[in-house]
**Student:** 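Pasting a structure here, questions to come.
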Amino acid sequence: MSNKYIVRQPIKDLEGKIIGYEILYYGENQAFSSETPGPASEFASADTIYSFLTQNTSKSLKGSLNFMTFTSMLLMKKTPRLFDKDDLVIQIDDNIIIHPLSMHFLNQYAKEGYKIAVNEFQFAPRYLALLDTIDYIKLNVKTMAEAALFNTVEVAHSMNKKCIITNVETEAQYQRAVRLGVYAVEGPYVAEKLQTRVHSSAYLQSNFFRLMVAVTKDEPNVDEIEQLISMDASLSYGLLKMANSAYFALRHRATTIQQAIMTLGLGQLKQWIYLLSASNSGEQDNPGTEEFLKMSFMRANFCSELMKHAVDMPISRSEAYLMGMFSTLNYLIDAPLEEILAEVPVAEEVREALLHKTGRCGKLYELVLAYEAANWDAITTLAGELGIPNQLLTNIYFICMENVNALWEQLNSTYPDQEAPAPNEQ
């Protein structure tokens, strides 16, 4: 069976706030882009993304701005209409502009209110007829000289077009984008960039680590969990807030730590506890904080779900969950990852995977990172080495993403007319 993957990567403004996501897709053993034009690529592209989005995961992309490159066939199959016009930016490559029928469909979508972006934009004659239709101009920092970038951005700004610099891989390239004053940036460096650390190293002494390990054990001890939560005021408040949220819609409110644990159940508690502690850290205004918390939660879920299919793994699913969860701690805590992991009682295989990417756990961690980066060759190779059927990866990825988005939204869905009980109401 051919390999078909869909990945989304963040697009951020210069303050670090996510303004949307680039949807990258791959199938029939080739990436779909202007570099691989032709009928075979057209058919493969349309078949992959159209069938995928019409199955069960289009809801994953609702509620956020999605930048997606459309081929002629995708435009003609009316794929953009799978999305609300407020959730989609239709991206096109150069080959669409020279395709009269494709341009007819594109103009129709624009009239319907869809936003339009052009990849690798240039002020060439064939682009001029499109200028009134274009909302976003995307410029590749790797292929354009600085003078050309400067001139293009200056003219684009004078025409009230939003410029996005793509393929940003280094600090130097990011600084070029900053100097140009563009609207947004995207690329591997952007996906990992965090403006400031979230917590201080003193946070290492928190009950959070012991609690995280306690809730992810194969046989959690409820008394131990209750004791650890009760020792931390912010965790106690967070747990009670969640137990009394609209998500659980209880007739009777939980007023003690024990009642809250029973309300959520250990399965939900395991998934929530990381977000509960972080949500009370006082760093919500940091534009990068939310994305890194979501990233850690996404990696945890992805690692855990992939473990259902990986063979010969030396760790349990709960340990894989911890591996994904703890993979971003060096961004969230002002200390080296090696120092942080020395304070956390995790399996040696997990520690080695996070620090050195060694062993089969290291391969699983690398697979998750490769998927984030849309490294198609590495995804296929690593999945094969782990015995994971590659045709399952995209569904697993989007199911995990749906879970993360839903849980994050529910974190803030408390009853509007009620406050959670204070910790001392235990």
Side-chain angles (χ1 to χ4, degrees), residues 6 8-9 11 19-28 30-54 58 61-62 64-140 143-144 152-153 155-167 182-184 186:
I6 299 181
R8 73 173 196 169
Q9 295 185 331
I11 302 173
I19 59 99
Y21 294 90
E22 176 93 9
I23 307 301
L24 304 171
Y25 45 98
Y26 175 99
E28 303 299 329
Q30 61 178 333
F32 307 133
S33 69
S34 56
E35 297 175 0
T36 57
S41 177
E42 280 280 291
F43 180 80
S45 173
D47 177 64
T48 295
I49 197 160
Y50 187 82
S51 62
F52 181 78
L53 292 175
T54 51
S58 59
L61 306 178
K62 292 187 181 298
S64 61
L65 192 60
N66 300 283
F67 289 70
M68 185 181 298
T69 298
F70 286 82
T71 63
S72 296
M73 190 170 293
L74 283 171
L75 292 173
M76 289 185 280
K77 290 188 75 168
K78 301 181 180 179
T79 312
R81 290 187 181 139
L82 292 172
F83 299 84
D84 186 280
K85 63 180 181 294
D86 294 327
D87 295 336
L88 180 68
V89 175
I90 299 174
Q91 288 184 169
I92 59 170
D93 289 329
D94 192 66
N95 57 340
I96 298 295
I97 296 172
I98 60 176
H99 194 299
L101 186 56
S102 296
M103 287 301 297
H104 168 76
F105 278 94
L106 187 70
N107 287 322
Q108 183 60 42
Y109 292 128
K111 289 178 182 177
E112 293 172 11
Y114 286 91
K115 302 294 185 189
I116 308 297
V118 178
N119 291 322
E120 307 274 351
F121 179 86
Q122 49 190 299
F123 282 107
R126 62 185 179 279
Y127 287 84
L128 297 181
L130 258 183
L131 284 176
D132 289 339
T133 305
I134 297 172
D135 299 284
Y136 299 92
I137 287 175
K138 302 192 80 175
L139 305 168
N140 190 335
T143 60
M144 292 185 71
T152 304
V153 171
V155 175
H157 282 169
S158 71
M159 302 178 72
N160 295 317
K161 307 299 180 184
K162 295 178 178 178
C163 293
I164 299 175
I165 299 294
T166 67
N167 288 311
V182 297
Y183 174 66
E186 67 172 291

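Only this structure's heavy atoms are used, side chains among them; waters, hydrogens and symmetry mates stay out. Throughout, numbering of the chain's residues begins at 1 and tracks the sequence.
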**Student:** Nearest 0.5 Å, what's the CG-NE2 distance between Leu75 and His104?
**Tutor:** 11.5 Å
**Student:** When rounded to the nearest 0.5 angstrom, what is the spacing between OG1 in Thr152 and CG in Leu139?
**Tutor:** 6.0 Å
**Student:** By side chain to side chain donor-acceptor pair (under 3.5 Å), which residues pair with Ser102, not counting sequence neighbours?
**Tutor:** Ser72, His99
**Student:** Could I get the full list of side-chain contact (heavy atoms from CB on, under 4.5 Å) partners for Asn119, not counting sequence neighbours?
**Tutor:** Thr69, Gln91, Asp93, Lys138
**Student:** How long is the span from the CD atom in Glu186 to the CD atom in Gln9, to the nearest 0.5 Å?
**Tutor:** 7.5 Å
**Student:** Can you list the residues that meet the side-chain contact (heavy atoms from CB on, under 4.5 Å) rule with Asp86, with sequence neighbours excluded?
**Tutor:** Asp84
**Student:** Determine whether Arg8 and Ser64 make a side-chain contact, defined as any pair of heavy atoms from C-beta on separated by less than 4.5 Å.
**Tutor:** yes
**Student:** What's the spacing between Leu24 CG and Met68 CE if we round to 0.5 Å?
**Tutor:**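 Between atom CG of Leu24 and atom CE of Met68 there are 9.5 Å.
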**Student:** Going by the rule ring pair (Phe, Tyr, Trp, His ring centres under 6.0 Å), which residues pair with Tyr21 if we only count those two or more places apart in sequence or in a different chain?
**Tutor:**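 Testing Tyr21 for ring pair (Phe, Tyr, Trp, His ring centres under 6.0 Å), a comparison that skips the adjacent residues, returns none.
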**Student:** Holding to side-chain contact (heavy atoms from CB on, under 4.5 Å), I want the full list of residues that pass it with Thr133, two or more places apart in sequence or in another chain.
**Tutor:** Asn107, Ala110, Ile116, Leu130
**Student:** CZ/Phe105 to CD1/Ile96 distance, rounded to the nearest 0.5 angstrom?
**Tutor:**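 Rounded to the nearest 0.5 Å, the CZ-CD1 separation comes out at 11.5 Å.
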**Student:** Looking at every non-hydrogen atom in both residues, tell me the closest pair between Leu106 and Ile90 and how far apart they are.
**Tutor:** CD1-CG2, 3.9 Å
**Student:** Under 3.5 Å, is there a donor-acceptor pair between the side chain of Asn140 and the main chain of Glu120?
**Tutor:** no
**Student:** Please tell me whether Phe70 and Tyr109 form a close aromatic pair, meaning their ring centres lie under 6.0 Å apart.
**Tutor:** no
**Student:** For the pair Tyr136 and Phe67, name the ring-plane relationship: parallel under 30°, tilted 30 to 60°, perpendicular over 60°.
**Tutor:**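 Rings of Tyr136 and Phe67: perpendicular, over 60°.
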**Student:** Can you sort out the partners of Asp135 under side chain to side chain donor-acceptor pair (under 3.5 Å), two or more places apart, ordered by chain and number?
**Tutor:**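 Side chain to side chain donor-acceptor pair (under 3.5 Å) list for Asp135, sorted by chain: empty.
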**Student:** Measure the shortest side-chain to side-chain distance between Leu65 and Ile11 over non-hydrogen atoms and say whether it is less than 4.5 angstrom.
**Tutor:**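 No; the side chains remain at least 4.5 Å from each other.
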**Student:** Kindly say whether Phe83 contributes a backbone atom to a donor-acceptor pair with the side chain of Tyr114 at under 3.5 angstrom?
**Tutor:** yes
**Student:** Got a second to check how far Leu88's CG is from Arg81's CZ, nearest 0.5 Å?
**Tutor:** 12.0 Å
**Student:** Which donor-acceptor pairs under 3.5 Å do the side chains of residues 156-163 make with protein atoms, sequence neighbours left out?
**Tutor:**
from: Ser158; atom 1: OG; to: Val155; atom 2: O; distance (Å): 2.5
from: Lys161; atom 1: NZ; to: Leu131; atom 2: O; distance (Å): 2.5
from: Lys161; atom 1: NZ; to: Ile134; atom 2: O; distance (Å): 2.9

